[in-house]
Amino acid sequence: MQSGNDTRISEFLLLGFSEGLEQQPLIFGLFLFMYLITVLGNLLIILVVVSDSHLSTPMYFFLSNLSFADICFTSTTIPKMLWNIQTQSQVITYADCITQMYFFIIFSGLDIYLLAVMAYDRFVAICHPLQYMVIMNPRLCLLLVLVSWLTSVLLSLLQTSVVLRLSFRTEMEIPHFFCELNQMIQLACSDTFLNNMVMYFAAMLLSGGPLSGILYSYSKIVSSIHRIFLAKGKYKAFSTCASHLSVVSLFFCTSLGVCLSSAAPQSAHSSAVASVMYTVVTPMLNPFIYSLRNRDIKRALKRIIGVQ
């Protein structure tokens, strides 16, 4: 069987939400609205953190990086989908498909690692408050972000490289609104054993490791909060990590929903719908979760717009 570079395939068809021409304007308007809210909301978080000196702490440094990752994460898929709806075309070239998949894996992985880093930050803040600024020094914070970037890029490069060796038929229809890795592997007409092994290996590194770190951090946080005698002290300690816990729960629950829908038979459309939750809805809700539940963010917003 020839390698992917020798198949002469030039394009794929994205069939994600192409059913029913009468529904296309509604789908276009809905996704355009969610995309604009996602970009503007996360840009606002970045602006607030950068412009307010009171937010020059590790937690908000990680939050601004998460907001940037969310903007890029959403931008890898939604603009192309909106363009296809507007032009009434389902085509994406082979090169664009590989590029989209590459950056999608990078920013989805970056999201996961940053959530794990933020969980560690909350663990240190609650369990070791007197040593917080010593442990979470600027050098360590920068190193954690750089390691998250580097790991995500390398894993994406590995997974994309093994996809390039696959062979495809000359006309391929992807039942999704973007070039999703699992869908690409399923549609290949060459041996995919290596791809599946690499995908499972990457899944363990992207989910197993960070998720274990998040669960460990919160088990220690809960144990530490349980030892606080005053109810007010417990509430104050829990409120410092409530926003992050909400984002983690939303991201991993929606991702689990995608995995379950992908495992079900004849679930291409349901998998595409479920993917919307963690690719669009979760990045859109993150700024609202952090701004509405965070007093420091609300105070900074008021200072920026001049409200006393």
Side-chain angles (χ1 to χ4, degrees), residues 34 37-38 41-42 45-46 49 55 57-74 104-128 132 136 141 144-145 147-149 151-152 155 202-226 234-261 274-297:
M34 290 192 294
I37 293 298
T38 300
N42 283 287
I45 293 292
I46 296 173
V49 172
L55 302 181
T57 62
M59 180 175 72
Y60 296 110
F61 171 70
F62 297 136
L63 176 58
S64 61
N65 278 274
L66 180 66
S67 294
F68 175 75
D70 279 341
I71 293 173
C72 298
F73 182 41
T74 308
F104 180 84
I105 297 173
I106 287 179
F107 293 113
S108 59
L110 186 59
D111 255 11
I112 294 172
Y113 280 114
L114 286 175
L115 289 175
V117 168
M118 294 172 74
Y120 175 72
D121 173 74
R122 293 300 84 206
F123 158 71
V124 176
I126 294 175
C127 299
H128 306 283
Y132 177 71
M136 300 303 296
C141 293
L144 289 172
V145 172
V147 169
S148 298
W149 268 98
T151 306
S152 301
L155 285 175
M204 287 190 293
L205 290 180
L206 285 173
S207 299
L211 183 58
S212 299
I214 291 171
L215 293 176
Y216 175 80
S217 296
Y218 274 103
S219 68
K220 292 296 184 180
I221 289 172
V222 170
S223 177
S224 180
I225 292 177
H226 182 69
K234 290 184 177 181
Y235 174 79
K236 184 177 180 180
F238 181 75
S239 64
T240 62
C241 58
S243 297
H244 177 258
L245 185 59
S246 301
V247 172
V248 168
S249 302
L250 185 62
F251 185 88
F252 280 98
C253 287
T254 53
S255 300
L256 179 61
V258 172
C259 294
L260 294 177
S261 63
S275 296
V276 173
M277 292 301 298
Y278 84 98
T279 59
V280 184
V281 176
T282 300
M284 180 184 69
L285 293 179
N286 286 356
F288 294 99
I289 293 173
Y290 278 107
S291 61
L292 295 177
R293 298 182 62 91
N294 191 296
R295 294 180 180 178
D296 294 332
I297 293 290

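The analysis underlying the following values was restricted to heavy atoms, covering all of them including side chains, and did not include hydrogens, waters or symmetry mates. Quantities reported herein were computed from a predicted structural model and do not represent experimental measurements. For reference, positions follow the sequence shown, starting with 1.
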Looking only at atom types and distance, does a side-chain atom of Ser219 sit under 3.5 Å from a main-chain N or O of Tyr216, one as donor and one as acceptor? yes
How long is the span from the CG atom in Leu245 to the CG atom in Leu250, to the nearest 0.5 Å? 11.0 Å
What are the two closest non-hydrogen atoms of Ser148 and Ser152, and how far apart are they? O-OG, 2.8 Å
To the nearest 0.5 Å, tell me how far Leu114 CG sits from Ile112 CD1. 10.5 Å
Between Pro58 and Cys141, what is the shortest heavy-atom contact and its length? CB-SG, 3.5 Å
OG1 of Thr279 to CG of Asp111, rounded to nearest 0.5 Å, is 11.0 Å
Relative to each other, are the rings of His128 and Phe123 parallel, tilted or perpendicular (30° and 60° limits)? perpendicular
Leu155 side chain near Tyr113 side chain, heavy-atom distance below 4.5 Å: yes
Side chains of Leu115 and Val247, heavy atoms from C-beta outward: is any pair under 4.5 Å? yes
Could you grab the distance from atom CZ of Phe73 to atom OG of Ser108, nearest 0.5 Å is fine? 5.0 Å
Residue pair Phe61 / Met136, side-chain heavy-atom distance below 4.5 Å: no
Would you say that Tyr60 contacts Ile45 through its side chain, given a criterion of any heavy-atom pair below 4.5 Å between the two side chains? no
What pairs with Met284 under side chain to side chain contact (heavy atoms under 4.5 Å, CB included), at least two apart in sequence or on another chain? Met34, Ile37, Thr38
If I take atom CE from residue Met59 and atom OG from residue Ser64, how far apart are they, to the nearest 0.5 angstrom? 11.5 Å
Okay, side chain of Asn286, backbone of Asn42: is any donor-acceptor separation there less than 3.5 Å? no
Could you tell me if the side chain of Leu63 sits less than 4.5 Å from the side chain of Ile297, heavy atoms only? yes
Report the residues that fulfil side chain to side chain contact (heavy atoms under 4.5 Å, CB included) with Leu211, sequence neighbours left out, ordered by chain and then residue number. Leu215, Phe252
Once rounded to the nearest 0.5 Å, what's the spacing between atom CG of Asp70 and atom CG of Asn65? 11.0 Å
Looking at Phe68, I'd like to know if its CZ atom is crowded, meaning that more than 12 non-hydrogen atoms belonging to other residues, nucleotides or ligands lie closer than 6.0 Å. no
Quick one: closest heavy-atom pair of Ser217 and Ala119, and the distance? CB-O, 3.7 Å
